Amino acid sequence: MAASVRHLLKPWTPSLCLVRWSRYNPYYLDPDPSKDARVPESELSPEEKELQELKTVSPIKAALSSDTSSAFNDPLISKFINMMMQDGNKILARGIMTQTLETIKRKQVEKYHKSPAAKREEIECNPYTVFHQALENCKPIIGLASVQKGGKSYQVPVPLTDNRRRFLAMKWLITECRDNKHRRTHMYEKLSQELLAAFANEGNVVKRKHDLHKMAEANRAYAHYRWW
Amino acid sequence: SRPPSHNIVPTSLILCATYHSEGHSGQYYTLPPTHIQKLFPYGLPPRFQLQIKTFNEGCVMVRPPALELISYLKRADYSKPPLRYVLYGDIGTGKTMSLCHALHYCYSQGWLIVHVPDAHLWVKNCKELLPSSSRPSRFDQPIQASQWLKNFKITNERFLSKLKTTQRYVWTKRESTEKGQPLGELIDQGVNRMKSSSDVVGAVLRELRLQAGGATEGEGAFKLAVAVDGVNALWGKTSLKKEDRTMCEPEELTLIHNLRKMMKNNWSGGAILTALSQTGSVFKPRSAYLPSELLGEEGFDNMEPFVPVSVSNYNEKEFESCYLYYLDRNWLQHPHSRSEEGKKELIFLSNKNPSILERLCAFL
């Protein structure tokens, strides 16, 4: 048993060398920082029991310093902070994110308190749900890939993976706020305006998503050029 | 319009800060919007102003330091020289808010308010530093002085026509204010003519000192409340430079000089409420919070004897009250923050410090 595990813990290279790859052996499991209580043995299905066994035996990757065991930790927000970060200045990026969430909440709570009781239930005050919903509204369903055929390159409609869709939505939000807004407004102000607009399915980022969909619809004749 | 929460003081007690007692400690009371507009055009901390705008109301927690201060104010003898009260404490514990609470009590009792929201703003970042027109070795700050005069006018409108000047003030060859003119005219002079506004401030303070003793009971008598936040600025260093690139002493600034005279207890018929502040101070370490550290030797000697009032972090009851207030105003949105475990996390992260708790709850 020990001998078979030992060869997996040695330094490992993949058979096909890619540009971006994880130096961890695929045998390593991801860390799970959540503090959920251990479910008793009887309630687990046989697959889950096997998974639990595996967790006790196999090695686990090192946890990132930005992950916490508290329930306030949100992986989507962490990913967005990492994408906003420039030159490794995580403190600034995290500060901008918290200020954005605060601004969204302030605007919504102000609207909530000033509106009559009938309209109060429609106003969403939780900045986290606003962020998640706005991101969902910005995610494109179908993307375009450039395919070369007979000397000419065509834009071919192509399905996107979940990670790619999430990445595109976040990238569009950040570039939109950095480039197309007034120079003298703060980033958190620009972000909160854009997020609230995306939450209501308006604004430039949602418009860009719709443009992409229209291009894909216009190019549907070339869909068969895709071979994957 | 909204059902009364159990920890918000009922409407009948809103205006009467006189009725606040130890039993109300930890409960919130609402500042009436008209009072906020008049009394605190620039007096409240900026984050609290944001909170008023968001919640559409200004609610202040009744805490022991403010209650102590108000009880001293109630029992003091106003025929004797004024007592000096100094609020001190660590950063973010609520010194400015307690000062504003006590000031609101004075305002509701009909006192005349002289409020300097932050004395640190007068010793740093000054765009225009003019040499004084009246004295050769002094420097004027016209922008700050005229701003303060405007705020003073908003707060104390009803006194402006009643009080009269006791001597003739000459500003330039052609402008002067005669004896017996109402104070309102003096203030207008300062607001309109920016060059002499710092001297006008000095004149106004002098007039108030002379007349606060209140000659007779009845029409003319009034009590004077001098409230200064960041008193340690008066005796510290400035970050301003003179034209020959040497550092400016606070003594050489007209505004500071006149305010120092106000801090002495050689007049009668009022009270001096002050609060120390490290956050805006120049050249002071972050860990300094005691009066002797922040005021320095000179400041301490000048302020002595004073009544120190210590302000500290929330205790369990106050924290509970603050948490319930945020829940009531729909401010704590994250589902985990509404659970017991989330509350324990908030206690751990903020150490029950009011300002840190406020900043944490802002994005949760």
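The structure displayed is predicted, hence computed values, not measured ones. By convention in this document, chain letters (A, B, ...) are assigned in the order of the sequence lines, proteins followed by strands, and residues within each chain are numbered from 1. As a basis for the values below, the full set of heavy atoms in this structure was taken, side chains included, without hydrogen atoms, waters or symmetry mates.
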Please check if atom [atom1] in [X] has more than 12 non-hydrogen atoms from other residues, nucleotides or ligands closer than 6.0 Å.
| X | atom1 | value |
| --- | --- | --- |
| K79(A) | NZ | no |
| K90(A) | NZ | yes |
| K207(A) | NZ | no |
| K241(B) | NZ | no |

Exercise for the section: Check step by step if side-chain contact (heavy atoms from CB on, under 4.5 Å) holds for V109(A) and R329(B). Expected result: CA-CA 8 Å; V109(A) 169; R329(B) 297 315 283 155; over 6 Å; no
Practice task
Calculate, to the nearest 0.5 Å, the distance between atoms CG and NE2 belonging to D74(A) and H336(B) respectively.
Solution key: 13.0 Å
Problem - Inter-residue atom distance S70(A).OG - E341(B).CD, 0.5 Å rounding - result: 9.5 Å
Exercise for the section: Look at the side chain of Q333(B) and the backbone N and O of N126(A), then say whether any donor-acceptor pair between them is shorter than 3.5 Å. Expected result: yes
Practice task
Would you confirm whether K105(A), through its side chain, and L364(B), through its main-chain N or O, come within 3.5 Å as a donor-acceptor pair?
Solution key: yes
Fill in the blank from the handout: So, the part of N56(B) with a heavy atom under 4.5 Å from chain A: the answer is side chain
Exercise for the section: With a 4.5 angstrom heavy-atom cut-off, could you sort out which part of S339(B) is near chain A: side chain, backbone, both or neither? Expected result: neither
Handout entry: Residue pair E110(A) / T54(B), side-chain donor-acceptor N/O under 3.5 Å
Key = no
Practice task
Taking the side chain as every heavy atom from C-beta outward, state whether R106(A) and F55(B) have any pair of such atoms under 4.5 Å apart.
Solution key: no
Practice task
Evaluate the side-chain proximity of M97(A) to F363(B): yes if any heavy-atom separation is below 4.5 Å, no if none is.
Solution key: no
Problem - Part of Y128(A) lying under 4.5 Å from any heavy atom of chain B - result: side chain
Exercise for the section: Write out, in numerical order, the residues from residues 279-288 of chain B with a heavy atom short of 4.5 Å from a heavy atom in chain A. Expected result: none
Practice task
Please step through side-chain contact (heavy atoms from CB on, under 4.5 Å) for the pair S337(B) and F72(A), ending with a clear verdict.
Solution key: CA-CA 8 Å; S337(B) 66; F72(A) 291 129; 3.8 Å; yes
